[in-house]
Amino acid sequence: MDKEKIEAGVRLILEGIGEDGSREGLLETPERVARMYEEIFGGMQEEAGIHLQKTFTVENSEMVLEKNIFFYSTCEHHLMPFYGQVHIAYIPDGKVVGLSKLARTVEVYARRLQLQEQMTEQIADAVMTHLAPKGVMVMVEAEHMCMTMRGIKKPGSKTVTLAKRGAFAEAPKLQEQFFQLLR
């Protein structure tokens, strides 16, 4: 990341909205924002597959569900936050991954400029590619600040996206089981 460009951009934004960037409360704001961007966009340079490499052999081929993985992301349309929960289910085909690794995979994709629909697909594709399960299903529920604090101003509204791969795309009973387990 180019912190100097971020700082210069923040100074221009402050000037553009009519603020005095030299006043006490704003003097260090460009540097603070640059550090914050380094943190919240840390997934830009990271490959999700790294977290899904360490697997364990299993005989079981029953559904594994990791639910309520909280995340924060930034909408690429308005550069405003959206946040919520991700639920990931997969059916192992001889191997499973440590449960924290699914949450780490979510973090990689959430810490980028993002669209919720795209993030949902990226998580499902990463699990399919790196774990090679019989199937995967990902559900993301999120509140978007671009809808709650600006524009239509509807706080509490949630956007829900789904991605189904393999056995989940082919078997409605598995989808039903997924939704039952989320209750």
Side-chain angles (χ1 to χ4, degrees), residues 40 42-44 46-78 80-149 151-183:
I40 67 174
M44 301 281 290
E46 198 174 351
E47 172 55 47
I50 272 190
H51 300 294
L52 299 171
Q53 288 179 350
K54 175 72 173 156
T55 60
F56 305 95
T57 304
V58 292
E59 301 281 327
N60 179 6
S61 63
E62 295 295 321
M63 184 188 307
V64 175
L65 171 66
E66 182 72 16
K67 66 182 189 175
N68 303 327
I69 302 168
F70 208 85
F71 76 93
Y72 295 93
S73 192
T74 306
C75 170
E76 66 183 39
H77 291 156
H78 298 98
M80 293 192 76
F82 69 97
Y83 57 92
Q85 296 181 1
V86 177
H87 317 289
I88 304 170
Y90 69 98
I91 300 171
D93 192 10
K95 60 184 178 178
V96 294
V97 69
L99 297 177
S100 71
K101 305 308 183 194
L102 295 173
R104 290 181 191 283
T105 300
V106 168
E107 280 300 299
V108 168
Y109 291 116
R111 292 175 64 193
R112 298 176 177 184
L113 286 177
Q114 197 54 278
L115 296 175
Q116 180 178 332
E117 299 87 345
Q118 176 179 276
M119 186 176 86
T120 307
E121 300 284 327
Q122 289 170 332
I123 294 166
D125 290 341
V127 173
M128 280 302 282
T129 298
H130 298 284
L131 292 184
K134 294 177 182 175
V136 65
M137 188 159 168
V138 176
M139 179 173 152
V140 178
E141 304 173 271
E143 185 167 338
H144 293 249
M145 296 303 287
C146 59
M147 280 193 51
T148 62
M149 73 178 279
I152 191 77
K153 295 185 182 103
K154 296 296 178 198
S157 63
K158 301 264 172 135
T159 301
V160 178
T161 51
L162 290 170
K164 300 170 274 192
R165 305 285 187 272
F168 281 98
E170 300 156 8
K173 276 194 152 192
L174 281 174
Q175 295 173 33
E176 259 178 63
Q177 186 180 7
F178 173 84
F179 290 122
Q180 293 233 330
L181 289 169
L182 290 182
R183 291 190 187 122

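Remember, it's a predicted structure, so these values are computed and weren't measured experimentally.
Ring planes of F168 and F178: perpendicular class, angle over 60° (limits at 30 and 60°).
Between the NE2 atom of H130 and the NZ atom of K95 there is a distance of 10.0 Å, given to the nearest 0.5 Å. To the nearest 0.5 Å, atoms CD (E46) and CD (E107) are separated by 9.0 Å. With values rounded to the nearest 0.5 angstrom, H87 atom NE2 is found 5.5 Å from N68 atom CG. Residue I91 holds its CD1 atom at 11.0 Å from CE of M137, rounded to the nearest 0.5 Å. Between the CG atom of L115 and the OG1 atom of T161 there is a distance of 10.5 Å, given to the nearest 0.5 Å. With values rounded to the nearest 0.5 angstrom, T105 atom OG1 is found 6.5 Å from H51 atom NE2.
Between the side chain of R112 and the main chain of G43, a donor-acceptor pair closer than 3.5 Å is present. Counting only distance, with no hydrogens or angles, the side chain of T148 and the backbone of P155 share no donor-acceptor pair below 3.5 Å. In this structure, E143 contributes its side chain and G156 its backbone to a donor-acceptor pair below 3.5 Å.
Minimum interatomic distance between G98 and F56 (heavy atoms only, all atoms of both residues): N-CE1, 3.9 Å. Considering every non-hydrogen atom in both C146 and H78, the closest pair reads CB-ND1, 3.5 Å. Closest approach of T74 to F82, counting heavy atoms only: C-CE2, 3.8 Å. Heavy atoms only, all atoms of each residue included: A126 and L52 are closest at O-CD1, 3.6 Å. Looking at every heavy atom in both residues, A169 comes nearest to Q175 through O-NE2, 4.1 Å.
Side-chain contact between P92 and V64 is present, with at least one heavy-atom pair separated by less than 4.5 Å. By the 4.5 Å heavy-atom criterion applied to side chains, Y90 and V96 are counted as neighbours. For the pair V86 and E66, the minimum side-chain heavy-atom distance is 4.5 Å or more.
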ask   = Given Q177 and L181, is the side-chain contact (heavy atoms from CB on, under 4.5 Å) satisfied, shown in steps?
value = CA-CA 6 Å; Q177 186 180 7; L181 289 169; 4.3 Å; yes
key: Chi angles and distances behind the side-chain contact (heavy atoms from CB on, under 4.5 Å) call for L102, V127   = CA-CA 8 Å; L102 295 173; V127 173; 4.1 Å; yes
query = Between L174 and M63, does a side-chain contact (heavy atoms from CB on, under 4.5 Å) hold up when you go through it step by step?
reply = CA-CA 9 Å; L174 281 174; M63 184 188 307; 4.2 Å; yes
ask   = Can you check side-chain contact (heavy atoms from CB on, under 4.5 Å) on M139 and F179, steps first, answer last?
value = CA-CA 10 Å; M139 179 173 152; F179 290 122; 3.7 Å; yes
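For the side-chain hydrogen bond (donor to acceptor under 3.5 Å, both in side chains) with Q114, the lone residue among H77, E76, Q122 that qualifies is Q122. For the pairing with Q116, the side-chain hydrogen bond (donor to acceptor under 3.5 Å, both in side chains) check across E121, H144, E141 returns one residue only, H144.
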